[in-house]
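Here's the structure, in structure tokens; my notes come after.
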Amino acid sequence: MTEPQAVAAQENWNAEHYRKQHTFVYESSRDLVSDWLTPQAGESILDLGCGTGELTNQLASSGAGVLGVDASQAMVKAAAEQWPQEGLEFAVQDAHHLPYKAEFDAVFSNAALHWMNPLDNVLAGVYRALKPGGRFALEMGGAGNVLGVRQAVEQAMQEEGITGVAHVWVFPTPAEFATQLEAAGFGIERLHRFARPTVLSGSTGFQEWLRGFGGSWLAPLSSEERQAVIARAQEIARPTLWNGNEWVADYVRLRVLAKK
Ligand code: BEZ
């Protein structure tokens with residue numbers, strides 16, 4: 001697998017599709033808010049890569065003031081419409097150029113950092129954004145994340161004669177990520193890597209996942225090639241990722257609590 005070199009952002013997010021089809025993205029990380037970040041009333045918190053804002057809202061329900069930022073205008077618009085209450089703000093912001101200086105008691109990020117390649121300038125920006133002693137609680141894909149999905153797509157592309165199309169995500173090992181966090185100045189309090197098999201609902205769950213999340217990766221393909229690759233990848237993946245009733249993606253997570 002060739003690791004991606006360039007900054008990758010999925011520009012064509014469909015916020016409605018994301019919210020309805022991929023509820024697991026936020027439902028499976030509610031305890032990252034309650035048990036890892038532990039927001040307190042009166043705190044100021046940044047939610048980095050907030051998507052449609054479900055966890056931003058959970059953070060704010062503690063009485064903290066929360067700013068949710070995302071690179072996608074569609075996501076920010078959907079979040080602001082769904083969560084108009086006081087104490088909750090949303091803004092479009094490129095995570096590679098965070099402008100904040102010692103403003104936040106905590107930074108939170110769920111299922112977003114793996115889109116932010118390279119990570120170094122993002123981590124430096126988070127560090128700058130935190131007050132001294134501020135905490136950074138995050139979850140992202142770790143090494144081996146969705147490997148079965150990736151291998152199925154790669155084999156399908158190879159069979160179609162498509163070469164040189166690498167995925168856009170960054171999935172570090174715990175050691176790699178710890179090194180990056182420490183280089184940015186953080187002290188690491190907790191760092192876990194764990195498998196979290198993730199049900200993709202419905203008989204079309206595999207294809208829906210690729211259409212929802214594989215947009216940037218498969219963007220160089222023509223629409224005919226994309227259809228063919230997705231359909232073929234589903235058949236390649238079926239023996240390992242279809243359990244007879246549902247699709248189960250081989251998610252691997254990194255969870256971290258770090259301090260400035
Ligand atoms: C993840 O949450 O692990 C993930 C989501 C979309 C694409 C790749 C990974």
Side-chain angles (χ1 to χ4, degrees), residues 1-10 24-26 28-38 45-49 51 55 71 94-98 104 106-154 165-198 213-214 216-217 240-241 248-260:
M1 163 68 53
T2 312
E3 288 303 326
Q5 298 300 318
V7 172
Q10 179 141 323
F24 61 82
V25 174
Y26 44 89
S28 58
S29 292
R30 294 220 175 260
D31 65 321
L32 183 65
V33 175
S34 56
D35 301 351
W36 288 64
L37 188 86
T38 58
I45 300 176
L46 176 68
D47 182 1
L48 186 60
L55 296 180
D94 175 358
H96 296 278
H97 300 101
L98 294 177
F104 296 99
V107 176
F108 175 83
S109 185
N110 179 55
L113 288 178
H114 47 244
W115 293 98
M116 301 173 190
N117 192 14
L119 272 172
D120 304 55
N121 57 2
V122 178
L123 299 180
V126 170
Y127 189 84
R128 270 196 312 274
L130 283 167
K131 299 174 186 173
R135 49 207 202 283
F136 182 23
L138 69 101
E139 179 175 316
M140 66 186 292
N145 193 38
V146 290
L147 185 61
V149 178
R150 290 189 275 143
Q151 287 177 335
V153 171
E154 281 159 13
V165 178
H167 78 79
V168 296
W169 306 300
V170 52
F171 298 138
T173 64
E176 286 165 349
F177 194 52
T179 300
Q180 283 187 294
L181 281 167
E182 284 165 356
F186 286 101
I188 297 169
E189 309 250 306
R190 295 164 77 181
L191 194 165
H192 294 183
R193 176 182 180 273
F194 58 98
R196 189 178 60 218
T198 297
F213 292 129
S216 302
W217 182 14
T240 45
L241 301 183
V248 184
D250 47 348
Y251 271 43
V252 175
R253 316 315 284 167
L254 276 188
R255 272 193 183 191
V256 179
L257 178 64
K259 274 207 178 154
K260 177 166 177 174

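These figures come from a predicted structure and were not determined experimentally.
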Review point. Taking atom CG of Asp35 and atom CZ of Arg190, what is their separation to the nearest 0.5 Å?
Key: 7.5 Å
Review point. Can you check whether Tyr127's main-chain N or O pairs, donor with acceptor, with Lys260's side chain at less than 3.5 Å?
Key: yes
Review point. Of all heavy-atom pairs between Pro172 and Gly141, which one has the smallest distance, and what is that distance?
Key: CD-O, 3.7 Å
Review point. So, Asp250 side chain and Gly148 main chain: donor-acceptor pair closer than 3.5 Å or not?
Key: yes
Practice item. Determine whether Phe213 and Val146 make a side-chain contact, defined as any pair of heavy atoms from C-beta on separated by less than 4.5 Å. Key: no
Point to revise | N/O donor-acceptor pair under 3.5 Å between Asn145 side chain and Val252 backbone | key: yes
Practice item. Kindly indicate whether the side chain of Leu113, heavy atoms from C-beta on, has any atom under 4.5 Å from the side chain of Met116. Key: yes
Review point. How would you list all residue pairs meeting salt bridge (Lys or Arg N to Asp or Glu O under 4.0 Å) that involve residues 126-144, not counting sequence neighbours?
Key: Glu43-Arg135, Asp105-Lys131, Glu139-Arg196, Glu139-Arg253, Glu139-Arg255
Study note, to complete from the structure: To the nearest 0.5 Å, atom OG of Ser29 lies from atom CH2 of Trp36 at 11.0 Å
Exercise for review: For residues Gly142 and Leu254, report the shortest heavy-atom separation together with the two atoms involved.
Suggested key: CA-CG, 3.8 Å
Point to revise | Leu138 vs Phe177 side-chain heavy atoms within contact, under 4.5 Å | key: yes
Check your understanding: Taking all non-hydrogen atoms of both residues, which atom of Leu37 and which atom of Ala106 are closest, and how far apart?
Key -> CD1-CB, 3.7 Å
Under 3.5 Å donor-acceptor pairs involving side-chain atoms of residues 179-187, not counting sequence neighbours:
from	atom 1	to	atom 2	distance (Å)
Thr179	OG1	Ala175	O	2.9
Gln180	NE2	Asp120	OD1	3.1

Exercise for review: Please tell me if the side chains of Val170 and Pro118 come closer than 4.5 Å, counting only heavy atoms from C-beta onward.
Suggested key: no
Revision key, fill the gap. NE2 (His114) and OG (Ser109) are apart, to the nearest 0.5 Å, by 8.5 Å
**Study point:** Within-4.5 Å side-chain heavy-atom neighbours: Phe104 and Leu48
**Key:** no
**Study point:** Heavy-atom side-chain contact between Ser28 and Thr198 under 4.5 Å
**Key:** no
Check your understanding: Which distance, rounded to the nearest 0.5 Å, do you find between the CH2 of Trp169 and the CG of Asn117?
Key -> 12.0 Å
Exercise for review: Write down the atom of Leu130, the atom of Phe136, and the distance for their closest heavy-atom approach.
Suggested key: CD1-CB, 4.3 Å
